Amino acid sequence: MAVNIEAYRNLTEELKPFHAKLIAVSKTKPANDIQALYNAGQRDFGENYVQEMLEKASQLPSDIQWHFIGHLQSNKVKSILKTTSLIHGVDSLKLLNTINTEAGKLEIKTDVLLQVHIAEEETKFGFDKSEILELIPEFSSLENIRISGLMGMATFTEDMTQVKKEFNCLHELFNQLKTNLNKDYFTELSMGMTQDYKVALECGSTMIRIGSAIFGSRN
Ligand SMILES: *Cc1c(COP(=O)(O)O)cnc(C)c1O
């Protein structure tokens, strides 16, 4: 299935009153599809796999903002730092320390979002809420990292009451952390995918990550 430009335009309109940013999630989709959406005006793209993102980045226009939204392994950090504009899924202190060290070697500052575990499912990655609060003192020593906000994934369910509860919980934590972290950087709340972005927007999302609604379903 080809990229759905009309759905893209409708989404862009729908987002305007919320002042939220659309991250077009292009994982598993060919560079041609990304180029088509780029031609329609989209600049922010999300990818889950390191090698795939690097290959696409090398083939596509250099003003694309690449968002790494997958699970990042420490040994891959070095290879993506220069390409990525924002790393969404940072979920351990070990990973934060690795990013800090590698960014320091490159003499750059790296923007990251802390991934928080908000879903009922056991398998999803992320910090626990209490864990993040305990780590606040450690964050200030990461001098090459800008903690730009939080990212979360709700339980995969049709029950939007449940989803709303989880997104509200993340927003609450966001507000709580905002008083402790650098307010100039700590501004983003990345939540909402194709099936739950409307709820996410109501709950204060500033970045929605949309794949299948734009690019069609994945295999
Ligand atoms: C794949 C993916 C998305 C996009 O999912 P859709 O349901 O296709 O919109 C968003 N966020 C993350 C972390 C993903 O892995």
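Keep in mind that this is a model prediction, so the values were computed, not measured. Whatever order the structure lists ligands and atoms in, that order sets their numbers, starting from 1.
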* To do: May I ask you to check if ligand 1 and Val25 share an N or O to N or O distance below 3.5 Å?
  =>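 Min N/O separation from ligand 1 is not below 3.5 Å for Val25.
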Atoms of ligand 1 less than 4.0 Å from [X] heavy atoms?
{"X": "Arg218", "value": "1 (C), 5 (O), 6 (P), 8 (O)"}
{"X": "Gly211", "value": "4 (C), 6 (P), 8 (O), 9 (O)"}
{"X": "Lys27", "value": "1 (C), 2 (C), 3 (C), 14 (C), 15 (O)"}
{"X": "Ile210", "value": "9 (O)"}
{"X": "Asn48", "value": "14 (C), 15 (O)"}

* Asked: What do the steps show when you test Tyr38 against Asp63 for side-chain hydrogen bond (donor to acceptor under 3.5 Å, both in side chains), and what is the final call?
  -> CA-CA 10 Å; Tyr38 177 95; Asp63 62 340; 2.7 Å; yes
Which residue holds the protein heavy atom closest to [atom], what is that atom called, and what is the gap in Å?
{"atom": "atom 13 (C) of ligand 1", "answer": "Ile69 O, 3.6 Å"}
{"atom": "atom 9 (O) of ligand 1", "answer": "Thr194 OG1, 2.5 Å"}
{"atom": "atom 5 (O) of ligand 1", "answer": "Met193 CE, 3.5 Å"}
{"atom": "atom 11 (N) of ligand 1", "answer": "Arg209 NE, 2.9 Å"}

* Asked: Mind checking whether Phe186 and Phe174 have ring centres under 6.0 Å apart?
  ->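 So the answer is yes for these two rings.
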* **From OG (Ser190) to CG (Leu113), nearest 0.5 Å** => 5.5 Å
* Linking I/L/V/M/F/W/Y whenever any side-chain heavy atoms sit under 4.5 Å apart, do Leu173 and Val112 land together? ->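 Same cluster.
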* Asked: At a 4.0 Å cut-off, with the gap strictly under it, does some heavy atom of Gln195 reach an atom of ligand 1?
  -> no
* **4.0 Å heavy-atom contact, His88 with ligand 1** =>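 No heavy atom of His88 comes that close to ligand 1.
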* Under a 4.5 Å cut-off applied to non-hydrogen side-chain atoms, are Thr83 and Leu54 in contact? -> yes
* To do: May I have the step-by-step check of salt bridge (Lys or Arg N to Asp or Glu O under 4.0 Å) for Lys56 and Glu47, ending in yes or no?
  => CA-CA 10 Å; Lys56 287 172 177 173; Glu47 288 284 341; 2.8 Å; yes
* Mind telling me whether His71 and Phe125 have parallel, tilted or perpendicular rings, with 30° and 60° as the class edges? => parallel
* For the pair Glu102 and Lys105, find out whether any cationic side-chain nitrogen is under 4.0 Å from an anionic carboxylate oxygen. => yes
